[in-house]
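What follows is a single structure, written as structure tokens, with notes after it.
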There are 2 protein chains.
Amino acid sequence: MHSLPQLLELLDRYAADHPFPAAPRELYEPCEYILTLGGKRLRPAALLMGYELFREDMAPALPAAWAVELFHNFTLMHDDIMDAAPLRRGKPTVHTRWNTTTGILSGDVMLIRAYSQLAQAGSPEVLSDLVHTFNRVAREVCEGQQMDVNFETRPDVNIPEYIRMIELKTAVLLGGALEMGALCARASRADVEHLYHFGRLAGIAFQIQDDLLDTYGDPAKFGKQVGGDILQNKKTLLVLKTLEVAPEADRRALQAQMQTDAANPVEKVAAVRAIFDRSGIPDLIAGEKQHFQDEAFAHLDAVAVPDGRKAALKGMMEDLLVREY
Amino acid sequence: MHSLPQLLELLDRYAADHPFPAAPRELYEPCEYILTLGGKRLRPAALLMGYELFREDMAPALPAAWAVELFHNFTLMHDDIMDAAPLRRGKPTVHTRWNTTTGILSGDVMLIRAYSQLAQAGSPEVLSDLVHTFNRVAREVCEGQQMDVNFETRPDVNIPEYIRMIELKTAVLLGGALEMGALCARASRADVEHLYHFGRLAGIAFQIQDDLLDTYGDPAKFGKQVGGDILQNKKTLLVLKTLEVAPEADRRALQAQMQTDAANPVEKVAAVRAIFDRSGIPDLIAGEKQHFQDEAFAHLDAVAVPDGRKAALKGMMEDLLVREY
């Protein structure tokens with residue numbers, strides 16, 4: 001079996017062997033560009049690890065793994081336009097470096113390219129299964145993005161809706177990647193489903209952790225500006241939980257904070273954190289995260305292969321889910 | 001065999017039986033909306049006619065036919081954003097009626113929905129063939145759109161490049177639709193290819209005709225404003241041919257016209273038409289169109305089924321290609 005660095009090396013080599021066409025340059029250069037911005041290749045690595053639970057001849061799983069990474073980057077390219085985001089990982093986004101037309105069209109061709117990669121995968125039967133899973137997940141990711149857009153202007157978002165949004169927008173793709181790894185390996189229906197739910201639930205836990213880290217993360221480790229969600233008045237899980245459990249005075253204070261732009265950002269972050277802290281929100285949210293995490297690993301435990309084979313996948317996911325805050 | 005109105009009725013019924021999901025409404029309503037703007041369903045009808053050359057049990061071809069129509073409408077939704085087009089068929093475009101975010105995201109889900117429809121088509125073997133064709137055509141359509149975008153700012157476009165652009169941007173989808181009809185029917189490789197080239201070449205002829213009609217069409221029949229290309233200073237085939245064959249004075253006069261906005265639209269259209277007419281451009285372009293049309297029908301003739309079976313497909317395509325100017 002392969003270590004994570006070995007799998008990433010295999011992926012890099014596969015990608016290098018399958019570059020975008022050279023022309024039209026204006027169409028494909030942005031696709032190559034976004035792939036160089038230093039993503040962690042988490043989803044394709046998960047697909048390969050899911051596959052390797054059952055089989056070790058990695059070649060049949062690489063096209064599907066790369067398809068998932070291309071799909072993820074297609075969503076980034078289009079989401080960055082919708083969010084009017086100037087930067088991604090500290091570099092200009094595609095629509096900023098080029099223009100909106102380029103961001104749309106290069107994103108489109110990247111999605112189509114994802115399907116083309118998928119079509120390289122194995123027998124017609126495997127392809128048929130993969131396309132069905134990929135279609136379902138791709139549709140759900142769009143639905144999650146739409147929910148996220150809707151939430152920006154909706155005053156009455158509740159926690160189950162929020163969890164459903166992060167599930168669709170990001171978690172199902174991690175679940176789908178693991179499912180596709182199992183499909184490539186012709187695993188049993190039961191194991192395919194356990195792997196899907198493992199990824200989906202771990203993905204939800206990961207997003208909950210992301211909300212926590214945005215406010216409570218160690219600035220040295222987090223990689224983004226701590227307090228960014230507070231300054232953008234984002235309706236994160238911390239906010240929704242506060243509006244559910246805090247005393248009325250704190251609920252009002254939080255709503256007042258969210259209706260104004262920060263005159264003093266440091267003060268605003270401190271004030272909102274104090275509101276969260278008074279109701280023990282960090283522990284409540286950490287508990288929510290743990291709940292999804294436990295459910296996730298129960299599904300991994302249920303996959304019918306020896307525990308030893310699961311070590312790499314378990315280790316990678318644990319690393320992702322134990323980041324301190 | 002079915003008449004064109006019968007095929008369109010089958011398609012309408014199929015579409016009605018396969019609506020978009022109800023939620024999130026903001027995502028799917030624009031998809032239903034653009035499908036009601038009165039497109040002619042030319043591409044899916046061609047797919048069904050291609051299929052019916054070989055088989056008459058229409059059900060296996062309907063999902064692929066609808067997939068092609070969904071793909072076409074996805075391209076319209078995104079192209080309208082890129083072209084900043086306020087209207088389509090006299091109605092507000094999606095990004096105008098809603099906003100750019102909606103135009104991007106609903107377009108994305110429509111493309112994914114096209115693949116989902118495709119995945120309903122028949123056996124894994126047929127699906128594998130269909131996905132390969134669909135991917136190739138979808139990629140080429142994006143490449144054609146990029147070439148079209150590039151041409152707007154390039155001063156040195158030549159006629160072969162222009163033909164290649166219209167081939168990729170629009171003709172390969174008609175060719176691909178016919179190819180997919182033949183694939184659904186499990187036709188021979190040779191017949192699949194003849195049908196692809198029939199559609200592709202007829203599609204080029206159709207686009208050339210569109211350039212001609214835009215300047216020389218009967219306003220009562222054309223459906224768009226005659227002279228629109230001239231007023232937008234578009235580098236159509238008429239312009240490129242004039243720059244190739246006209247005397248220097250006329251070439252300069254045309255370039256001068258194209259570098260200014262029209263103070264008097266009627267005068268500008270008349271002046272540019274006079275330049276075209278002096279070099280016999282309409283007849284030259286009609287000759288180009290005839291060349292592609294003849295090549296197209298030679299491929300239809302070569303399909304190994306009795307001529308009688310080809311009558312409906314031949315009739316539909318002839319109707320499209322004999323519009324007077």
Side-chain angles (χ1 to χ4, degrees), chain A residues 20-21 23-28 71 74-75 77-79 81-84 99-120 122-147 149-150 165 168, chain B residues 20-21 23-28 71 74-75 77-79 81-84 99-120 122-147 149-150 165 168:
Chain A
F20 284 87
R25 186 179 52 75
E26 296 82 356
L27 182 64
Y28 291 119
F71 176 82
F74 140 73
T75 66
M77 225 189 269
H78 280 191
D79 285 3
I81 304 173
M82 298 184 226
D83 298 342
N99 52 52
T100 299
T101 288
T102 298
I104 295 173
L105 193 56
S106 294
D108 289 345
V109 88
M110 200 141 183
L111 171 57
I112 291 160
R113 178 84 173 182
Y115 278 99
S116 298
Q117 278 302 311
L118 202 63
Q120 306 304 315
S123 67
E125 285 77 18
V126 173
L127 173 59
S128 175
D129 286 350
L130 289 175
V131 167
H132 279 93
T133 295
F134 197 87
N135 284 336
R136 186 194 76 226
V137 168
R139 170 176 57 77
E140 290 180 339
V141 169
C142 291
E143 293 178 357
Q145 170 68 5
Q146 183 67 54
M147 288 177 79
V149 168
N150 292 352
M165 182 275 284
L168 292 173
Chain B
F20 283 88
R25 186 178 52 75
E26 297 82 357
L27 182 64
Y28 291 119
F71 176 82
F74 140 74
T75 65
M77 225 188 267
H78 280 191
D79 285 3
I81 303 173
M82 298 183 225
D83 298 342
N99 51 52
T100 299
T101 288
T102 298
I104 294 173
L105 192 56
S106 294
D108 290 344
V109 88
M110 200 141 183
L111 171 56
I112 290 160
R113 178 85 173 182
Y115 278 100
S116 298
Q117 278 302 312
L118 202 62
Q120 306 305 314
S123 68
E125 286 76 18
V126 172
L127 174 59
S128 175
D129 286 350
L130 288 175
V131 167
H132 279 92
T133 295
F134 198 86
N135 284 336
R136 186 194 75 226
V137 167
R139 170 177 57 78
E140 289 180 341
V141 169
C142 290
E143 292 179 358
Q145 170 68 4
Q146 182 67 55
M147 288 177 78
V149 168
N150 292 352
M165 183 275 284
L168 291 173

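Just so it is clear: chains get the letters A, B, ... in the order the sequence lines come, proteins before strands, and each one is counted from 1.
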Heavy-atom contact with chain A under 4.5 Å, split by part of B:V109
both
Can you list every pair that meets salt bridge (Lys or Arg N to Asp or Glu O under 4.0 Å) and has a residue in residues 99-116 of chain A, with sequence neighbours left out?
none
Chain B contact via A:L105 - side chain, backbone, both or neither, heavy atoms under 4.5 Å
both
Output the distance between atom CE (A:M82) and atom OG1 (B:T101), rounded to the nearest 0.5 Å.
6.0 Å
Can you check whether A:Q146 reaches B:Y28 side chain to side chain, under 4.5 Å on heavy atoms?
no
Select one option (side chain, backbone, both, neither) describing which atoms of B:L127 are under 4.5 Å from chain A's heavy atoms.
side chain
Mind checking side chain to side chain donor-acceptor pair (under 3.5 Å) for B:E26 and listing every partner two or more places apart, or none if nothing turns up?
A:N150
Can you tell me how far apart NE2 (A:H132) and OG (B:S116) are? Round to the nearest 0.5 Å.
8.0 Å
Counting heavy-atom pairs under 4.5 angstrom with chain B, the leader among A:E125, A:M147, A:Q120, A:R136 is A:E125
When only pairs under 4.5 Å are counted, which of A:N99, A:V149, A:I104 shares the most heavy-atom pairs with chain B?
A:I104
Minimum-distance pair of heavy atoms, taken over all atoms of A:E143 and B:P21
OE2-CG, 4.3 Å
Side chain from CB out, backbone as N, CA, C, O: work out which of these in A:F134 comes under 4.5 Å of a heavy atom of chain B, or both, or neither.
neither
Shorter than 4.5 Å, heavy atoms on both sides: which option in A:V141, A:N135, A:L118, A:L111 has the most such pairs with chain B?
A:N135
Per-residue contact mode, B:L27 against chain A (heavy atom under 4.5 angstrom):
both
Describe, in one word, how the ring planes of A:H78 and B:H78 are oriented to each other, choosing from parallel (under 30°), tilted (30 to 60°) and perpendicular (over 60°).
perpendicular
Which answer fits A:I112, side chain, backbone, both or neither, if we ask what part of it has an atom under 4.5 Å from a heavy atom of chain B?
both
